[in-house]
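Notes to accompany the following structure.
Note on naming: letters A, B, ... go to the chains in the order of the sequence lines (proteins, then strands), and numbering restarts at 1 for each one.
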Amino acid sequence: MRVLCVAEKPSIAKAVAGHLSGGQVQSVSLKSHIGPSAAMLNIGLLTHAQHNTPEKYIKNYVFEYDFGHPWGRCHVTMTSVLGHITSAVFPPEYKRWDHPPPDRLFDAPVNVIIAEDKTKVADNIEKQARYANALCIWTDCDREGEHIGYEICEAARKGNRTLDIKRAKFSNIERAHILNAARNLIDLDHKQVNAVSSRIELDLRIGYAFTRFLTTNLRTLGGPFEKLVLSYGSCQFPTLGFVVDRYFRVRNFKPEPFWSIKVMHKREGMDVNFSWSRTRLFDRASTIVLYERCLAAKMAKVTKVQEKPTKKWKPLPLTTVELQKMATIFLHMTGQQAMEAAENLYNKGFISYPRTETDRFDSGMNLRALVQKQTQSNSWGEFAQNLVNGGFQQPRQGRNDDKAHPPIHPITYVAPTALSDKEKKIYEFVVRRFLACCSEDAKGVATDVDILYGEESFHAHGVVVLERNYLDVYIYDKWTGTAQLPKFTVGETFEPTEALMTEGKTAPPNYLTEADLIALMDANGIGTDATMAEHIQKIQDREYVCAVPRTARAADGEDDDEGAPTGRGGGSRGGRGGRGRGARSGGSTVGGRGGVKEFIPTKLGVALIEGFDRMNFETSLGKPFLRKEMELKMKAICEGRTTKEAVLNESIRQYRQVYLQSQEKLNILKAACRQYVLQQNGG
DNA sequence: GCAAGGTC
């Protein structure tokens with residue numbers, strides 16, 4: 001029996017080959033010396049494989065393995081592809097932009113071909129399949145992976161129609177886990193394959209049709225439109241929509257004045273600030289009345305003193321989205337730069353796979369061994385050593401598991417001098433995050449003091465940090481909070497050192513930072529961990545949005561308490577709602593100073609979103625709902641509640657409807673463009 | 001010249 005195994009990427013092929021061959025990695029690579037098992041191999045196959053390794057980064061590993069039940073002991077060739085190998089395209093007669101009209105792309109044939117840059121990869125599969133009786137798919141166990149698995153099947157069948165085809169189900173590359181997967185092969189899930197091929201087809205039809213529609217129709221407006229490509233995509237447009245939406249919320253914000261009462265008391269050399277339980281009132285006269293009653297009472301009475309242990313939780317294991325958010329906030333990089341650096345580190349073997357949604361480590365992983373490797377660092381080695389010496393704690397378990405990759409973690413130690421600036425920062429972050437995950441929550445004591453002053457109650461909160469624990473290594477988290485409080489006793493009365501009535505006004509929300517934008521995309525299912533940064537880049541390349549350094553804004557400096565900067569009208573609705581932590585949308589302290597950029601739509605970006613908003617009542621292309629709907633439909637296909645055909649029919653009809661509507665109301669879109677871009681009124 | 005998704 002001869003089995004061809006194919007993974008989604010070279011790193012998985014290498015790891016799986018290593019495990020299945022018995023751990024003697026050096027004996028499995030065709031590039032290196034062939035071990036004792038070579039005697040068992042068909043020499044023709046061997047030399048064939050050896051001389052036709054398609055790309056420098058794809059290898060065919062040859063070894064033996066006993067799969068147990070269906071196949072028994074086999075000669076195995078393990079190789080990989082590089083992501084998708086096929087591509088969906090329109091026939092050549094649809095190449096022109098002026099003819100046939102773009103809406104024909106909704107029912108034009110879609111051909112699936114081997115992607116231009118993947119012919120060698122596909123050839124390798126096809127040729128290797130000729131020598132095999134069976135094919136075993138080792139692509140990632142997610143939807144796209146299932147589809148890539150199908151693409152591999154098709155390529156292999158070209159070489160051999162009689163293959164017995166199975167799939168390995170695995171969610172990490174721990175030895176025991178891989179061996180278990182190899183002994184319990186399952187079938188490809190065609191529902192998932194169909195879900196993905198629906199997405200591919202819809203993205204192609206919709207993207208091409210609307211891009212051509214926009215570009216050619218708006219060209220007639222002249223000016224900048226003559227040269228621009230106005231692309232539409234199911235991810236880039238909603239991303240733009242978020243930026244425009246926030247822009248309008250900032251612009252339309254109406255500040256409202258508010259009034260508050262602040263009580264301060266000096267004791268034991270400390271200034272204790274008490275905040276008002278009503279926070280603030282939007283009515284001056286009422287505040288004055290309440291304030292004067294406080295003053296009239298003269299003495300404040302302590303009604304509650306509570307001391308209780310508290311802790312600040314260590315961070316969750318690192319996902320791609322979180323890495324990008326943190327990098328944009330603390331490392332002064334864009335999401336794309338962060339990903340590029342992370343990919344380099346991965347390719348050099350320093351960190352694990354950087355595209356993951358998983359925020360929990362598999363219990364089988366030997367995390368202590370990974371911590372041990374960091375003990376040689378000058379910066380965090382001592383911290384790591386303390387973990388090794390007994391401080392180690394199992395990381396928290398998040399709720400997300402993509403069933404394909406573990407959280408991002410360091411694989412081995414690397415000296416900072418061997419890395420570029422950006423790689424250094426990302427590597428340091430990954431390591432510190434990992435060590436933080438493996439240590440203990442920070443611990444402290446929280447003190448709460450409530451007072452009654454007149455008829456108004458006020459509150460002071462203090463924290464004393466007792467054990468910094470993970471904070472020592474995870475320098476991105478601070479636990480300043482409020483400082484220590486002096487001693488107060490229930491029932492005592494005192495005359496506050498100061499009682500002031502303050503005035504402020506609500507401030508608009510901030511423009512979106514990249515971290516906010518990523519959080520919004522994440523929460524709305526726009527793009528994937530691997531593509532979010534690309535979409536953000538794309539809308540900048542298209543001149544739909546600009547990234548500009550955040551300017552010091554007058555509203556931020558309000559000398560008020562912590563509640564001040566967020567207006568009730570807008571700020572609190574800001575970029576929250578993503579899962580996980582880290583998306584700080586308040587404009588205050590952000591990683592040192594300067595360098596934080598925020599996204600502002602260009603006039604073009606505003607015109608496009610506004611234009612679509614004004615013409616399509618039900619299904620606006622600028623909103624994330626359509627993409628979310630596509631996500632739900634894919635899920636329905638996976639769960640057998642609907643079929644690919646039904647989804648395609650329905651969605652194509654729906655989008656054609658939007659297209660026709662847009663065509664009918666093209667003048668509305670044009671008017672928006674004249675208004676915002678060409679700054680003409682009327683029209 | 002157009003999409004989004006994999007991956008290098």
Of the options [options], whose atoms approach the side-chain atoms of [X] most closely?
X: A/Leu204; options: B/dT7, B/dG1, B/dA3; answer: B/dA3
X: A/Tyr208; options: B/dA3, B/dC8, B/dG5; answer: B/dA3
X: A/Asp203; options: B/dG5, B/dC2, B/dA4; answer: B/dA4
X: A/Arg199; options: B/dC8, B/dA3, B/dG5; answer: B/dG5
X: A/Trp97; options: B/dT7, B/dC2, B/dC8; answer: B/dC2
X: A/Gln236; options: B/dC2, B/dC8, B/dA3; answer: B/dA3
X: A/Ser234; options: B/dA4, B/dA3, B/dG5; answer: B/dA4
X: A/Thr211; options: B/dT7, B/dC2, B/dG5; answer: B/dC2
X: A/Ser231; options: B/dA4, B/dT7, B/dA3; answer: B/dA3

_Could you check whether A/Lys9 makes a cation-pi contact with A/Tyr353, meaning its NZ or CZ is under 6.0 Å from the centre of the six-membered ring and within 45° of the ring axis?_
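Verdict for A/Tyr353: a cation-pi partner in A/Lys9.
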No-hydrogen, no-angle side-chain donor-acceptor test under 3.5 Å, [X] and [Y]:
X: A/Gln324; Y: A/Glu514; result: no
X: A/Thr79; Y: A/Asn60; result: yes
X: A/Thr320; Y: A/Arg355; result: no

*Would you mind telling me which residue lines up with the more 5' stretch of DNA chain B, A/Ala530 or A/Ala88, judged by nearest nucleotide?*
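Residue closer to the 5' terminus by nearest nucleotide: A/Ala88.
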_A/Leu626 CG to B/dA4 C1', straight-line distance once rounded to whole Å_ =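 Rounded to whole Å, this separation is 15 Å.
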